[in-house]
Amino acid sequence: MTAIDVRQLTKEYGGSRVLDGLTFSLAPGQVTGFLGPNGSGKSTTLRLLLGLARPTSGTALVAGRPYAALTAPLRRVGALLDADAAHPRRSARDHLRVLAASNDIPAARVEEVLDRVGLTDVAGRRTGTYSLGMRQRLGIAAALLGDPDVLVLDEPANGLDPEGMLWLRGLLRDHAAAGGTALVSSHLMHETARYADRLLVIGGGLLLADQPLDAFLADRTARVVRFRSTDGERLAEALRARGHRAVPGEEGAWSVPGARPEEVGAIAAAEGLGVLELRAEEAGLEDAYLALAEGTGAHRGRQGPPAEG
Ligand SMILES: Nc1ncnc2c1ncn2[C@@H]1O[C@H](COP(=O)(O)OP(=O)(O)OP(=O)(O)O)[C@@H](O)[C@H]1O
């Protein structure tokens, strides 16, 4: 069964179309990174999925149903949309206890998730005194409370320190390894590439990419292969005969745009030519993602490159 199923999802605000016929589905056992520049509609998609806004048209189903039709929804879908969901005067423990009671979740589970997110020592403190990273951890604890199969997390890495990011990666990988599904939005490509199996990229209201991470990387990085051979001219000829472009460079080096090193290596081997040097020149991952979004005008309104450590 698909865990998340979005069909022709369209959302307009005041006549302006934020999402335009978005369609994707997610199977269990995978972490899907949901990428797009600021304002591209990631949060809107997640809000529609969680029944917090109504689509102009189209459908968004979780566990086969609209979110609003789920009974004890916290047991099916864990969501983090807003790190400030807890009342600032309430302690983290009390916040989670109220949530647990409303979904028939035993109070003992509260202590388990507090431990899982590393907040046990501060669980009695008012959440108004928490740092952003601590509030994010509390939001993730709330998402985990019902031990749901599906996690929907909006920018969960926001405010986490490097150790927190590492912890989040482990949590997402463990969830997928146990057969769960996670849809995780971010505007940072590198961070997402560290935990995602699959990528959805949106921009301009449209789905720009829906691919396994490996395929996304293979398609968009390593755009040029450089080689030197015992007989560069002959290898260049053999490459051209197979539809590649081979461009001579300095000191006997050649460039093959758009090729993968294993293709060039295999052709050299088939021709019996020695390879002295063979390497893929990587186009930056962030560049590839930005180019994808720029190409469709999805970056309208983006202010400078995203900061990333
Ligand atoms: N309630 C609303 N009323 C009017 N416009 C809205 C509303 N919610 C979102 N929008 C608009 O929809 C567009 C998409 O916003 P959304 O928050 O979904 O983007 P996002 O991809 O999550 O961005 P970010 O990375 O900055 O969080 C924006 O232009 C935003 O101004």
Side-chain angles (χ1 to χ4, degrees), residues 4 6-24 26 31-60 62 66-68 77-85 132-133 135-136 139-140 143 150-160 165 168 172 182-196 198-211 216 285-309:
I4 288 179
V6 167
R7 298 275 138 213
Q8 292 298 327
L9 195 62
T10 295
K11 181 66 181 174
E12 291 176 359
Y13 282 115
S16 148
R17 189 164 283 202
V18 175
L19 299 177
D20 191 3
L22 212 59
T23 296
F24 62 88
L26 305 184
V31 179
T32 298
F34 190 26
L35 282 164
N38 290 142
S40 57
K42 301 179 299 293
S43 300
T44 300
T45 305
L46 302 185
R47 290 175 62 79
L48 292 169
L49 201 51
L50 297 167
L52 296 169
R54 275 173 182 277
T56 303
S57 60
T59 54
V62 240
Y67 184 89
V77 187
L80 167 73
L81 279 187
D82 178 2
D84 293 325
L132 175 59
R135 294 200 302 276
Q136 286 287 58
I140 294 168
V150 180
L151 289 177
V152 174
L153 309 178
D154 198 8
E155 303 263 4
N158 239 356
L160 293 185
M165 305 266 274
L168 176 65
L172 292 170
L183 178 61
V184 186
S185 84
S186 173
H187 58 279
L188 301 177
M189 178 72 214
H190 280 292
E191 168 213 311
T192 303
R194 291 192 184 110
Y195 55 67
R198 190 171 188 84
L199 288 185
L200 296 175
V201 184
I202 61 167
L206 303 169
L207 199 59
L208 304 180
D210 176 3
Q211 280 184 299
F216 183 90
L285 194 53
E286 199 76 38
D287 292 344
Y289 157 56
L290 292 178
L292 179 68
E294 298 280 3
T296 61
H299 270 263
R300 280 186 306 259
R302 187 170 70 83
Q303 297 176 349
E308 188 169 12

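Model, not experiment: these values are computed from the prediction. We count ligands from 1, going down the list as the structure has it; atoms in each ligand are counted the same way.
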Residue pair L19 / L48, side-chain heavy-atom distance below 4.5 Å: yes
Pairwise side-chain contact, I140 with L168, heavy-atom cut-off 4.5 Å (strictly under): yes
Atom 1 (N) of ligand 1 - nearest protein heavy atom and its distance: Y13 CE2, 3.4 Å
Nearest non-hydrogen protein atom, atom 18 (O) of ligand 1: T44 OG1, 2.6 Å
Any side-chain heavy-atom pair of T192 and H187 under 4.5 Å: no
Distance-only N or O hit between ligand 1 and V18, under 3.5 Å: no
Atom 23 (O) of ligand 1 touched by protein (heavy atom, under 4.0 Å): yes
Nearest-neighbour protein heavy atom for atom 26 (O) of ligand 1, which is reported as residue plus atom name and distance: N38 ND2, 3.1 Å
Any side-chain heavy-atom pair of L26 and F34 under 4.5 Å: no
Polar proximity ligand 1 side, S40 side, N/O cut 3.5 Å exclusive: yes
Distance filter under 4.0 Å to S43 heavy atoms, resulting ligand 1 atoms: 17 (O), 18 (O), 20 (P), 22 (O), 27 (O)
Euclidean distance, R47 CZ relative to L52 CG, rounded to 0.5 Å: 5.0 Å
Atom 14 (C) of ligand 1: any protein heavy atom closer than 4.0 Å: yes
Spacing of R7 atom CZ and L9 atom CG [to the nearest 0.5 Å]: 11.0 Å
Contact (N/O only, under 3.5 Å) between G41 and ligand 1: yes
Contact check, side chains of L22 and L200, non-hydrogen atoms, under 4.5 Å: no
Close side-chain approach of L199 to Q211, heavy-atom, < 4.5 Å: no
P37, S186, G36, G39: member with heavy atom nearest to atom 29 (O) of ligand 1: G39
Which segment of S185 sits under 4.0 Å of ligand 1 when only heavy atoms are counted: neither
Heavy-atom nearest neighbour in the protein, as seen from atom 25 (O) of ligand 1, with distance rounded to 0.1 Å: K42 NZ, 2.8 Å
